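Everything below concerns the one structure shown next.
Every value quoted in this text rests on a predicted model; they were computed, and no experiment measured them. Indexing begins at 1, ligand by ligand and atom by atom, following the structure's order.
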Amino acid sequence: MEFNIAVLGGDGIGPEVTDQGVRVLEAVGRAFGHTFNLSYGDIGGISIDKHGTPLTDETIGLLDSNDAVLFGAVGGPKWDSPDAKVRPEIGLLDMRAHMGVFANIRPVKVYSQLVESSVLKPDIVTGVDLVVVRELTGGLYYAEPRGRRETPNGIVAEDTMRYTEGEIERVVRVGFELARGRRKKLASVDKANVLECSRLWRTVATRLAAEYPDVELEHVLVDACAMQLIQRPIDYDVIVAENTFGDILSDEASMLAASMGLLPSASLAGVPVAGMRSGGLYEPIHGTAPDIAGKGIANPTGSILSVALMVRYSLGLTEEGAAIELAVDQVLGQNVRTADIVTEGTQQVSTVEMGDRVVAAIEQGS
Ligand code: IPM
Ligand code: MN
């Protein structure tokens, strides 16, 4: 089959890790007889430097004309001044909004090979397999009013958290559907003891639960969730949270898996079903890591596993997705590690070498 993929590496380590994701995609193409037509575009800081804006009409055109988007990361110290007029992150936020990808799915699976690499104790992280479903196109990230203004009492800054019932329902539904296909446990995260938005979130989640009698729904306050995630993460199956809470909790959860560099994500405009074909945005959950950018040591696994999600959920290629995940598993089993997860007795490899190994595992498997 033939597919069109937009590739947006962005800033910092974004392009390096995305390159390895692309190599793995091409290896899958060779192994399974598919053609992937790649269109590259700018986003974020590099786009500001080249075109004066973090998301050009040309790149928006790529979002519309491709089967899926593979994205790296945006941002960096160069564009970070609090007074900057244009920010790289706006490119990412506008892209998410443009694509309508309200459900950001972030699986956190602890590989048995990496239990010793985690900063947490092995008995806490062993066997952890959870998914964070983060609301991605609403809440504090988008609602108006927002901004900064001078007042007689000094400068005031404001952000707004706002959710409609509909926005809550569609993302909590993704949580229920995912839970239904897994261990049937959904933790709905909120701060209902303080926030109006959270009280509505809880009402909507409770109402939806009636449609999913087979799924056990638990409401968890976000602060308690943050604690339990490192205390007894094994108890979690699917977690669904609003945008900002989900952003924070998924970074925290990544530490269970030893490194942020390992985790992929899929951003979709509906319930994910293996084998389905619908546009989506795929990105590792990590950022641009300016401190290691260009050194060739970043972990490309997050991007590679994002490609696995992409072929499964946007291209309808279930077997191919499994082949990528198996290849990553095998490479970790060969004791090959990038700098972020290297431990005594394992072999440290570069970003490109990690890509080489995964590509080789796919070639051997086919
Ligand atoms: C993420 C990132 C982004 C976010 C930033 C770069 C705007 O942290 O994808 O989690 O907050 O959504
Ligand atoms: Mn984040």
- With a cut-off of 2.8 Å, which protein N/O/S atoms are close to the Mn ion (ligand 2), if we only count those under it? D247 OD1
- Query: At under 4.0 Å between heavy atoms, which part of R134 makes contact with ligand 1: side chain, backbone, both or neither?
  - Reply: side chain
- Task: For atom 2 (C) of ligand 1, grab the closest protein heavy atom and report residue, atom and distance to one decimal in Å.
- Result: D247 OD1, 4.2 Å
- Output every pair passing salt bridge (Lys or Arg N to Asp or Glu O under 4.0 Å) with a member in residues 185-204, not counting sequence neighbours, ordered by first then second residue. D190-R202, K191-D223, E196-R199
- Message: Quick test: of every protein heavy atom, which one is nearest to atom 11 (O) of ligand 1, and how far off is it to 0.1 Å?
- Response: Y141 OH, 2.5 Å
- Message: Once you measure the plane-to-plane angle for F176 and Y212, does it fall in the parallel (<30°), tilted (30-60°) or perpendicular (>60°) bin?
- Response: parallel
- Relative to the ring of F3, is the ring of F36 parallel (under 30°), tilted (30 to 60°) or perpendicular (over 60°)? parallel
Show the atom names and distances, to 0.1 Å, of all donor-acceptor pairs under 3.5 Å that link a side chain in residues 292-299 to residues at least two apart or in another chain.
{"residue": "K295", "atom": "NZ", "partner": "D291", "partner atom": "O", "Å": "3.1"}
{"residue": "N299", "atom": "OD1", "partner": "T301", "partner atom": "N", "Å": "2.9"}
{"residue": "N299", "atom": "OD1", "partner": "T301", "partner atom": "OG1", "Å": "2.5"}
{"residue": "N299", "atom": "ND2", "partner": "T338", "partner atom": "OG1", "Å": "3.1"}
{"residue": "N299", "atom": "ND2", "partner": "D340", "partner atom": "OD2", "Å": "3.0"}

- Determine whether L70 and L8 make a side-chain contact, defined as any pair of heavy atoms from C-beta on separated by less than 4.5 Å. no
- Query: Nearest protein heavy atom to atom 7 (C) of ligand 1, by residue and atom, and its distance?
  - Reply: E89 CG, 3.7 Å
- Message: List the residues meeting salt bridge (charged side-chain N to carboxylate O under 4.0 Å, His left out) with R23, not counting sequence neighbours, and say none if there are none.
- Response: D356
- Query: Do Y141 and I105 share a hydrophobic cluster (ILVMFWY, side-chain heavy atoms under 4.5 Å, transitive)?
  - Reply: no
- Enumerate the atoms of ligand 1 whose separation from the nearest heavy atom of R96 is less than 4.0 angstrom. 1 (C), 4 (C), 9 (O), 12 (O)
- Message: Please give me the minimum heavy-atom distance between R357 and Q347, naming the atom from each residue.
- Response: NH1-OE1, 3.7 Å
- So for R106 against ligand 1, with non-hydrogen atoms under 4.0 Å, the contacting part is side chain
- Query: Does some side-chain heavy atom of E218 sit less than 4.5 Å from a side-chain heavy atom of L186?
  - Reply: no
